[in-house]
Amino acid sequence: MDLSTRYNPSETEERWYAHWESRGYFRSVPDDREPFTIVIPPPNVTGVLHMGHMLNNTIQDILIRKARLDGKNACWVPGTDHASIATEAKVVQWLRKEKKLRKSDISREQFMEYAYQWKDKYGGIILKQLRKLGASCDWDRTAFTMDKGYYDDVIRTFVDLYRKGKLYRGLRMVNWDPEAKTVLSNEEVLHNEEQSHLFYIKYLLEGSDNEGITIATQRPETIFADVAVAVNPKDDRYRNMVGKMVRIPLIDRPIPVIADDYVDVEFGTGALKITPAHDQNDYEVGQRHNLEVLDTIADDGRINDVCTYKPIVGLDRFEARKQMQPALEASGNLVKIEEYTTSIGRSERTNAVVEPKLSLQWFVDMTSLGAPALKAVLDEQVKFYPPSFQNLYRNWMENLRDWCISRQLWWGQRIPAWYLKSEGPSKETFVFVASNADEALEIARKDTGNPNLGIDDLRQDEDVLDTWASSWLWPISVFDGFNKPDGEFKYYYPTNVLVTGWDIIFFWVARMIMASFEFKGQKPFKDVYFTGMVRDKQRRKMSKSLGNSPDALKLLEDFGADGVRYGLMSSAAAGGDILFDDKLCENGRNFCNKLWNALRLIKGWQQSETAESEEIARKNALAARWLREKFNQVLTEVEEDFRTFRLSEGLLTLYGFIWDDFCSWYLEMIKPGYEQPIDRATYAATLDLYSDIVVALHPFMPFITEELWHQLRDRSEGDDCIVQRYPKAGTSDQSLIGKVEAAKDIIARIRDLRNQNQIKPRDPLVLQVQDGSSAQALFAQEGLREMVVKLAVLSELSLVDTEPANAKSFISGTDKFYVVLNKEIDVAAECAKIKEELDYQRGFVRSIEGKLSNERFVNNAPPEIVENERKKLADGLERIQMLEESRKSLGCS
RNA sequence: CGGGCCAUAGCUCAGUUGGUUAGAGCGCCACGUUGACAUCGUGGAGGUCACAGGUUCGAAUCCCGUUGGUCCGACCA
């Protein structure tokens, strides 16, 4: 025996992954089998493997491997997302550090060249890391959202939406990220409560140096962009002010006092400064009153020279704010400053405070896109797991706002819209949307009526599309569904299940459903499995800044991929957050070791033609039959767990079966004596059982199961675990299982008795059973007596009529057992123990009697429930009687 | 302000259409090592199922309320 006492995953995992790949097991091409398709949620091309990816991809791999074992054509498409804003930031950083270049120093073309260089060098690391996890993706299908074909699909859908009138360009108040210098969609802005100050500032009435209106604001640096002060028309305090002019502090520019219902009389002073360029609501008020828009903040967040208060021009908005306090104090306009808690929006990517900004951007009109996507989920054509996410989804879908899809970046699909060079950048009367410049020119000539226009007269939109405006096509594009709708797309689409974190339900899931109905008239997937967030033990989200995220690769090294997969899955009910703890991976590693040592045990046995004795043969036959029945029962549960995506339940069910039933019970039942052989039939049955078990566990723990599969028997070339058929769940003989359960209970009680009485595990004991019909029936089961004798380590097991002296008794089921001890027993202690048991049984019986004496229960409850209660009562009464007898014979008081 | 989800053992969670005086893993305690595994074995302790009502023959499970937690959205001068 040269198998190590510990399972060593590192070598095994690398070897089997290479083997699987070389045999092409991950490859999928359409054939006549039923397809089972998953598209990976494409990680950012810049990404490195973290806990969330490991959880997410383990789940996908489990589903794919199960489908493969079920004989389906399993196809898992991997790939990456170009992640425009995140990647562009990285490339800019890299250029500055490595090439000493600023983005503004180079052309768009040069930048893109560098970006692709960067992507080829550093991008897609994560896909290599996924292999270490065991992910059985079809790598030949690896896709990227900026691949040529994919790029074209994005452009094509843009043009399509534009032509259908579902895409427009408009001047709107948008979320501006001054750090990335781009606009963001509403979903990319995260709101959080933050500590701030409320400045009370007095605007003096024109012609007066003490009368005026005090307003409250958080942003004193924006007062120079004010165009009015607004009050509520019903507010008596200010009624006489409306229509008069007040002066902006420090610059004395006069602005009108206006009345608008929007103003809340209760809040602050009831007077509000109107700054249309820097606040959504102010903008709307301004529109109603035909006020001008003064924008004093530049794209980088600094105060620009529209601001006529010169000391703050050129300063960052926050720096400018700091300067305002002393300045306003000096001028006497500052009334007071209050502490104030308010919700601040920050960019999801850069964490910069988002600036509301009036800007010309492209928007998708969501009115017609939302309806079918909402319906599909409510009708469960697309089914969510757990279903509670339906509510979240509905809530959002019923309040859809138009989607801003232009971004002021270079890395991404450039917006296919052209303008006339002769027109300025801010007032294009002509917009030509087309798949390419030539087509755009054609349209331009027609629209302008000028056949002499040349390509040089046109200028393409500088912006690119939101990354989600490409990833929403992912399930369609990876199968080339736009160009070849009758090709592979037809076979693989709609995909079976999408596995993703619930945090991108709006960013991605909802939009994929919308895109699929809009462009393909059908759903993109049948089921959506939402994973929770991976958190640390203190429930904090794992993040780089907290440093609480374990190094994924180190975990894989420390515990093996199977151990980590176990650790992630064992606490990962769908949708629920998982509180990650190394301990869980340790459990997984220990489980691998358990499996490994079961193998070592079995492989160490010598075989003999027949069993040593009839008794052993009967015992072993019963054991093997029982385990098979139990396995059938377990498989039925596991199949149900897979069907309902209760993967962690399924894994734990198998874990319990393997550790307890297979290792602790079955192997102990059949284990031959020291240096004795096992009969060939039992040995073969055991290898068969273990092989089946290993296949059943394979989706969860692919590496060790493949290794065990090959260690158990010599397998021919291509006879690998990964391509077996999943063992079929058959019916299970509950009566037989029940009998062995009874035997296990007897054995456990004897072990307890040994523990309580300091009797060594291997000292043989004499066990007697009170003769009776149920005892006779139990021991009539062939092999059962031998099983109890072996595992309880008995020298004798017999049925008796009378209670022996010097014996301790226990009740198992409805049978009374005596363990004969060769020593005086402590009568008082024994009596106390029986008394305790008696109290419990009496309480038990009382509660059942309560039910059964209730006529309404007997009349209304289903007959089988009533029958079961009667049986429980009879058993309870029988046990009480036996306990009473024991008390009598012991002479308890 | 509106909405969702949650509250079960020391911890993390199961408990599927209401039906065994509630289960698992970890942790804890006791005992145990020539014979697969100490990354182990055997056994044990540990819960008024957040609180208060209601429906029902019967509630951890269904309904209402309260409290606490958490998330989402709106508003936010």
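Quick note on labels: first sequence line is chain A, next is B, and so on, each numbered from 1. Since we're looking at a predicted model, the values are computed, not measured.
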Pair listing, salt bridge (Lys or Arg N to Asp or Glu O under 4.0 Å) test, anchored in residues 754-763 of chain A, at least two apart: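 Listed once each, the pairs would be none.
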
Pairs involving residues 836-848 of chain A, ordered by first then second residue, that meet salt bridge (Lys or Arg N to Asp or Glu O under 4.0 Å) (sequence neighbours left out):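 Residue pairs with at least one partner in residues 836-848 of chain A: A:K835-A:D839, A:R842-A:E884.
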
Sugar-phosphate only, base, or nothing, as touched by A:V263 at under 4.0 Å among non-hydrogen atoms: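 Base: the residue A:V263, judged by heavy atoms under 4.0 Å, touches a nucleobase.
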
Sugar-phosphate only, base, or nothing, as touched by A:T217 at under 4.0 Å among non-hydrogen atoms: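 Touches sugar-phosphate only.
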
Return the value, rounded to whole Å, for the distance between atom [atom1] of [X] and atom [atom2] of [N].
| X | N | atom1 | atom2 | value |
| --- | --- | --- | --- | --- |
| A:L400 | B:G73 | CG | P | 13 Å |
| A:F389 | B:C6 | CZ | P | 11 Å |
| A:N859 | B:C57 | CG | C1' | 9 Å |
| A:E649 | B:A24 | CD | P | 13 Å |
| A:N399 | B:A74 | CG | C1' | 9 Å |
| A:E193 | B:A74 | CD | P | 14 Å |
| A:M533 | B:C72 | CE | P | 10 Å |
| A:R751 | B:G41 | CZ | P | 11 Å |

Stems formed with participation of RNA chain B [Watson-Crick or G-U wobble, under 3.5 Å, three or more pairs]: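 As far as RNA chain B goes, consecutive pairing (with distances under 3.5 Å) yields the stems B:1-7 with B:67-73, B:10-13 with B:23-26, B:28-32 with B:40-44.
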
Those residues that, when tested against A:E557, pass side chain to side chain donor-acceptor pair (under 3.5 Å) (two or more places apart):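 By the side chain to side chain donor-acceptor pair (under 3.5 Å) rule, A:E557 matches no residue at all.
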
Evaluation steps, side chain to side chain contact (heavy atoms under 4.5 Å, CB included), between A:D226 and A:I215: CA-CA 12 Å; A:D226 287 357; A:I215 57 93; 5.7 Å; no

Closest heavy-atom pair and its distance - A:D745, A:S812: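 Taking A:D745 first and A:S812 second, the nearest heavy atoms are OD2-OG, 2.5 Å.
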
Minimal non-hydrogen separation, A:A623 against A:I670, with atom names: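 For A:A623 versus A:I670, the nearest heavy atoms are CB-CG2, 3.8 Å.
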
Roughly how many Å apart are [M] and [N], using the [atom1] atom of each and rounding to a whole number?
| N | M | atom1 | result |
| --- | --- | --- | --- |
| B:A22 | B:C31 | C1' | 28 Å |
| B:C1 | B:A59 | P | 36 Å |
| B:A52 | B:U67 | P | 15 Å |
| B:C28 | B:A9 | C1' | 12 Å |
| B:C29 | B:U20 | C1' | 28 Å |
| B:A7 | B:C49 | C1' | 10 Å |
| B:G44 | B:G23 | P | 13 Å |
| B:G73 | B:C57 | P | 45 Å |

Check: [X]/[Y] side-chain N/O donor and acceptor closer than 3.5 Å:
| X | Y | value |
| --- | --- | --- |
| A:Q195 | A:T341 | yes |
| A:S196 | A:Q218 | yes |
| A:E188 | A:S185 | yes |

Residues from [range] sitting under 4.0 Å of RNA chain B, heavy atoms only?
| range | value |
| --- | --- |
| residues 219-235 of chain A | none |
| residues 579-591 of chain A | A:L579, A:K583, A:N587, A:R589, A:N590 |
| residues 741-750 of chain A | A:A748 |

Distance, nearest 0.5 Å, that separates CG of A:L647 from OH of A:Y529: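 The OH atom of A:Y529 is 4.5 Å from CG of A:L647, to the nearest 0.5 Å.
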
A:L334 side, atom CG; A:M324 side, atom CE - distance, nearest 0.5 Å: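 Answer rounded to 0.5 Å: 9.5 Å.
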
Main-chain N/O of [Y] paired to [X] side chain as donor or acceptor, under 3.5 Å:
| X | Y | answer |
| --- | --- | --- |
| A:D577 | A:G532 | no |
| A:R565 | A:G560 | no |
| A:N395 | A:N391 | no |
| A:N232 | A:K234 | yes |
| A:T275 | A:I223 | no |

Results of ring-ring contact (aromatic ring centres under 6.0 Å, His included) for A:F662 - residues two or more places apart only: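 Here the qualifying residues are A:Y666, A:Y690.
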
Whether A:Y385 and A:F645 hold their rings parallel, tilted or perpendicular, with breakpoints at 30° and 60°: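 Tilted, since the angle between the ring planes falls between 30° and 60°.
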
Plane angle bin for A:F384 and A:F530 - parallel if under 30°, tilted between 30 and 60°, otherwise perpendicular: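 Judged by the thresholds at 30° and 60°, the geometry between A:F530 and A:F384 is perpendicular.
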
Residue among A:R321, A:H278, A:R317, A:K273 satisfying side chain to side chain donor-acceptor pair (under 3.5 Å) with A:T222: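 The passing option is A:K273.
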
Nearest-nucleotide 5' precedence on RNA chain B, A:D282 against A:T644: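 By nearest-heavy-atom nucleotide position, the 5'-most residue is A:T644.
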
Closest-nucleotide ordering on RNA chain B, the 5'-leading residue of A:Q756 and A:L652: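 Per heavy-atom nearest nucleotide, the more 5' residue is A:L652.
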
A:K872 atom NZ, neighbour heavy-atom count above 12 within 6.0 Å: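 Result for NZ/A:K872: enclosed.
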
Distances for protein N or O near nucleotides 3-5 of chain B N or O, under 3.5 Å:
unit_1, atom_1, unit_2, atom_2, d
B:G4, O3', A:N391, ND2, 3.3

Output field: ring centroids A:Y655/A:Y566 closer than 6.0 Å: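 A:Y655 vs A:Y566: aromatic centres under 6.0 Å.
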
Partner set under side-chain contact (heavy atoms from CB on, under 4.5 Å) for A:F857, not counting sequence neighbours: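 A:K851, A:L852, A:N854, A:A861, A:I865, A:V866, A:E869.
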
Per-nucleotide protein contact string for nucleotides 28-37 of chain B, where B marks a base within reach and S marks sugar-phosphate only (heavy atoms under 4.0 Å, - for neither): -------BBB

What pairs of nitrogen or oxygen atoms, one from the protein and one from nucleotides 19-23 of chain B, lie under 3.5 Å apart?
unit_1, atom_1, unit_2, atom_2, d
B:U21, OP2, A:K872, NZ, 3.3
B:U21, O4, A:Y840, O, 2.2
B:U21, O4, A:F844, N, 2.7

